[in-house]
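What follows is one structure encoded as structure tokens, with my remarks underneath.
Scope of the values below: all heavy atoms of this structure, side chains included, with no hydrogens, waters or symmetry mates. Order of listing sets the numbers, starting from 1, for every ligand and every atom in it.
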Amino acid sequence: MIFIFSGPSGVGKSTIIDAIRQKRDFQFSVSYTSRNIREGEYNGEDYNFVTEEEFLRLIDDDFFVEYEKYGRNYYGTSKNAVNNSVGSLILDLEVNGATKLLASNPSFTGIFIDIDDEELTKRLKKRGHDEAFIDERMRLAEYQRSFMDKFDYQIKNKDINTTVNKILDIIYSLEER
Ligand code: 5GP
């Protein structure tokens, strides 16, 4: 089974995915990106970090099942990650790539994770972002929410444990089908 997770930036998707993977043995599709590595990230684990030039070459080589430019950076999923997956696989994608992949693969399950505006503002403030950045993120979240209906499930993340349990319930029910 392949699960595509998406939602507004800052909802806590990575934390949720990590928590699910601690409870269940899911594979994670390690994407390719041209963005710089951040502190605490590992090449080959969080992403395969490549230069923009390398990324463009991979596009030419038809290496990706989907890719998008998000902000100033490229992000893409290799055909290999999807086609050679064993067991259940989780993908963490922005809304454009996620909805395209869902549209062309009806057997994939799309899970959209949302968050209340107030909670999103609170999180961004806590991370030290200024008003202008927060406004931009809120506008982006509105845009990202416009894709919500294209996902099989929509979950509002209020509390991490509740969200993780809801997702695990969805997965169990799909496995029992
Ligand atoms: P970040 O730079 O914060 O790690 O990720 C930015 C956005 O890129 C996130 O919304 C994440 O879901 C998305 N993303 C990560 N990998 C891929 C990918 O392979 N394809 C697409 N379309 N989006 C991705």
statement: For atom 23 (N) of ligand 1, the closest protein heavy atom turns out to be E94 N, 3.1 Å
message: Parallel, tilted or perpendicular, judged at 30° and 60°: which one describes the rings of F49 and Y47?
response: perpendicular
query: So is Y47 polar-close to ligand 1, meaning N/O to N/O under 3.5 Å?
result: yes
message: Checking the N or O distance criterion of under 3.5 Å, is ligand 1 in contact with Y32?
response: no
field: ligand 1 to D92 polar contact by distance, N or O atoms, under 3.5 Å
entry: yes
message: I want to know if ligand 1 touches Y67 in the polar sense, i.e. an N/O pair below 3.5 angstrom.
response: no
query: Taking atom CD of Q144 and atom CZ of R137, what is their separation to the nearest 0.5 Å?
result: 8.0 Å
F55 and Y74 aromatic ring geometry - parallel, tilted or perpendicular at 30°/60° bounds: parallel
- prompt: Under a 4.0 Å heavy-atom limit, does K69 contact ligand 1 with its side chain, its backbone, both, or neither?
  reply: neither
message: Out of all atoms in ligand 1, which are within 4.0 Å of some heavy atom of E68? Include the element for each.
response: 22 (N)
- prompt: Is D116 salt-bridged to K122, cutoff N-O under 4.0 Å?
  reply: no
task: For atom 19 (O) of ligand 1, grab the closest protein heavy atom and report residue, atom and distance to one decimal in Å.
output: S31 OG, 2.7 Å
- prompt: Within a reach of under 6.0 Å around CD of E136, are more than 12 heavy atoms found that belong to other residues, nucleotides or ligands?
  reply: no
- request: Please check if the side chain of N157 supplies one atom and the backbone of V11 the other of a donor-acceptor pair under 3.5 Å.
  value: yes
Ligand-residue contact atoms, ligand 1 with R35, heavy atoms, under 4.0 Å: 1 (P), 2 (O), 4 (O)
Nitrogen or oxygen of A98 less than 3.5 angstrom from that of ligand 1: no
Heavy atom of the protein closest to atom 9 (C) of ligand 1 (residue, atom name, distance): K13 NZ, 3.9 Å
field: Under 3.5 Å donor-acceptor, D152 side chain and G110 backbone
entry: yes
message: Below the 3.5 angstrom mark, is there an N/O of Y70, backbone or side chain, next to an N/O of ligand 1?
response: no
task: Would you confirm whether R145, through its side chain, and P8, through its main-chain N or O, come within 3.5 Å as a donor-acceptor pair?
output: no
Protein contact of atom 2 (O) of ligand 1 - nearest heavy atom, named by residue and atom, plus distance: Y75 OH, 2.5 Å
